Amino acid sequence: MKRKVLLIYTGGTIGMEKDYETGSLRAFDFGNIFEKMPEMTLMECEVFVHPFSKPLDSSDMGPEEWKIIAHYIYKNYNNYDGFLILHGTDTMSYTASALSFMLKGLKKPVILTGSQLPIGDLRTDAKENLLTSLYYASLYENDEAVIQEVAIYFEYKLLRGNRTLKYSAEYFDAYASPNYPILGQSGVHLNIIKDNLHRADPAIDFHVDDHISEDIIFWRIFPGMNLSHFKEISTMKVLILQVFGSGTIFSSEKTVETLQQIRNSGTEIVVVSQCISGGISFGKYENSNIFSRIGAISGRDMTAESAITKAMHLIDNPNYKGNFADNFSRSLCGEISY
């Protein structure tokens, strides 16, 4: 029996085609994808298509769209063996990270992919990304899904979704997972590195926790920055600071005073690194000790995208026991290494 994969088309470059009269890109009717790609009918899985009624640019994807996708997967969870989400590339890592926290007890593959060039372009990367993603979304062994997490497939690599970032707007190899190894790689054979795969607690039944707070601020620290501006937005629930190296910031009395005032107002402070690879290590340098003193939370080796969506999911979420700091500091679905 062929495995069934539900393809959810949200929008993005992968669903575009060029109008050769005007030279502009336009969305095509994704319900006709089998005409565009007849090879999909030759695959060892059955593909069912659910397009968004209005395709969205990835810059328009946010919490409401994440909830729509999560609940649609939940609604159809028992009817399909895997799920493939076609998505614009600019914010795909945010969506993948958010879904990884929202889809609790996931035991089936949820793969996201897109493309740098439209599916109708002669040099497109869309077809390979789409076809191989379908293979991964339908890959089973002994009646059990091989992939049981939210992943991104792009340019021959399968990556954990909440470990990814888009690092190139130009190259086909647009995504990286700097602090976690790949889950698989496609070539002549589909390669899976099983030791790198995540498994949810088997005692947890699949369900959706769609709590997402927007009371989050992300701020990149830069030399000479005037931190006094933070005092004007002290009502935020979580402030995520992207700081230098392994966790340093300029160590003036004004810095200590300002950050302590923010903490005293009840705002949680999470610290992530501006470096693509590596992570936060409080105490490694003197200029990181300020964060320990004020009770900031280390984001360790999380990506900015993962830290942001995790904070949005956790803050004021009644479904978690304990405090925000403890919950943020533990790995929920493989987003932290140490």
Side-chain angles (χ1 to χ4, degrees), residues 1-58 61 69 72-73 76 79-90 92 95-96 108-140 145-147 150-159 161 166 171-175 184-192:
M1 181 182 297
K2 286 187 174 183
R3 296 291 174 181
K4 296 180 178 180
V5 176
L6 178 60
L7 188 158
I8 302 172
Y9 170 62
T10 69
T13 300
I14 195 169
M16 308 293 279
E17 61 183 355
K18 182 175 287 188
D19 184 328
Y20 286 97
E21 292 185 1
T22 65
S24 300
L25 294 177
R26 64 185 181 190
F28 68 83
D29 182 358
F30 217 84
N32 297 326
I33 184 60
F34 295 100
E35 297 176 13
K36 291 282 183 183
M37 291 184 59
E39 53 264 60
M40 286 175 62
T41 62
L42 303 176
M43 298 196 63
E44 298 177 0
C45 63
E46 291 185 76
V47 183
F48 301 82
V49 179
H50 174 74
F52 271 26
S53 57
K54 180 183 178 182
L56 295 176
D57 187 275
S58 67
M61 296 289 290
I69 295 170
Y72 198 76
I73 290 173
N76 291 278
N79 299 325
Y80 297 94
D81 300 293
F83 301 87
L84 174 59
I85 301 166
L86 300 187
H87 196 290
T89 59
D90 288 343
M92 191 188 302
T95 298
K108 295 182 179 181
V110 174
I111 313 294
L112 289 88
T113 196
S115 66
Q116 296 285 67
L117 290 176
I119 205 165
D121 196 283
L122 291 175
R123 296 182 51 251
T124 186
D125 56 330
K127 291 187 176 182
E128 196 284 322
N129 285 349
L130 175 52
L131 292 173
T132 306
S133 292
L134 286 172
Y135 273 111
Y136 279 121
S138 60
L139 191 59
Y140 273 65
V146 175
I147 311 299
V150 179
I152 285 179
Y153 178 79
F154 219 88
E155 189 64 10
Y156 307 115
K157 294 182 295 186
L158 185 69
L159 310 170
K166 183 180 180 184
Y171 298 114
F172 286 154
D173 188 14
Y175 281 85
Q185 194 160 16
S186 67
V188 175
H189 303 286
L190 288 182
N191 179 35
I192 291 289

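All residue numbers in this chain count up from 1 along the given sequence. Everything quoted here is computed from the prediction, not taken from an experiment.
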Heavy atoms of Gly11 and Pro55 approach each other most closely as CA-CB, 4.0 Å
Residues passing the side chain to side chain contact (heavy atoms under 4.5 Å, CB included) test with Lys4, sequence neighbours excluded, are Glu46, Phe48, Tyr80, Asp81
Rounded to the nearest 0.5 Å, the CZ atom of Phe34 sits from the OG1 atom of Thr41 at a distance of 8.0 Å
Worksheet entry | Met92 vs Thr89, side chain to side chain contact (heavy atoms under 4.5 Å, CB included): CA-CA, chis, key distance, verdict | CA-CA 5 Å; Met92 191 188 302; Thr89 59; 4.3 Å; yes
For Asp173, the salt bridge (charged side-chain N to carboxylate O under 4.0 Å, His left out) test, sequence neighbours excluded, returns Lys157
CG of Leu6 to CG of Asn79, rounded to nearest 0.5 Å, is 9.0 Å
Value for CE (Met40) from CG (Leu130), rounded to nearest 0.5 Å, stands at 5.0 Å
request  = In sequence, state the C-alpha distance, the side-chain angles, and the governing distance for Lys108 and Ile73, and then conclude on side chain to side chain contact (heavy atoms under 4.5 Å, CB included).
outcome  = CA-CA 10 Å; Lys108 295 182 179 181; Ile73 290 173; over 6 Å; no
Interatomic distance, NE2@His50 vs OH@Tyr72, rounded to 0.5 Å, equals 4.0 Å
By side chain to side chain contact (heavy atoms under 4.5 Å, CB included), Leu117 pairs with (sequence neighbours left out) Asp121, Arg123, Thr124, Asp125, Phe172
- Item | Heavy atoms from other residues, nucleotides or ligands near CZ of Phe52 exceed 12 (cutoff 6.0 Å) | yes
Closest heavy-atom pair, Tyr9 versus Gly12, reported as atoms and distance to 0.1 Å, is OH-O, 3.9 Å
Residues Gly114 and Asn129: closest non-hydrogen pair is O-ND2, 2.9 Å
CG of Leu84 to CG of Leu112, rounded to nearest 0.5 Å, is 8.0 Å
Phe154 meets the ring-ring contact (aromatic ring centres under 6.0 Å, His included) criterion, sequence neighbours left out, with Tyr175
Hits for salt bridge (charged side-chain N to carboxylate O under 4.0 Å, His left out) against Lys166, two or more places apart or cross-chain, chain-then-number order -> Asp90
Check: Is a side-chain donor or acceptor of Lys2 paired with a backbone partner of Met43 at a separation under 3.5 angstrom?
Finding: yes
side-chain hydrogen bond (donor to acceptor under 3.5 Å, both in side chains) filter on Glu128, not counting sequence neighbours, yields Thr132, Tyr153
Are the side chains of Ile192 and Leu139 in contact, using a 4.5 Å heavy-atom criterion? yes
When every non-hydrogen atom of Leu134 is compared with those of Ser138, the smallest separation belongs to O-OG, 2.8 Å
- Item | Thr10 side-chain N/O to Leu86 backbone N/O, donor-acceptor pair under 3.5 Å | yes
*asked:* What verdict does the side chain to side chain contact (heavy atoms under 4.5 Å, CB included) test give for Ile33 and Val47, after you've listed the backbone C-alpha separation in whole Å, the side-chain angles of each residue and the deciding distance to 0.1 Å?
replied: CA-CA 10 Å; Ile33 184 60; Val47 183; over 6 Å; no
For Ile14 and Ala126 the tightest heavy-atom approach is CG1-CB, 3.6 Å
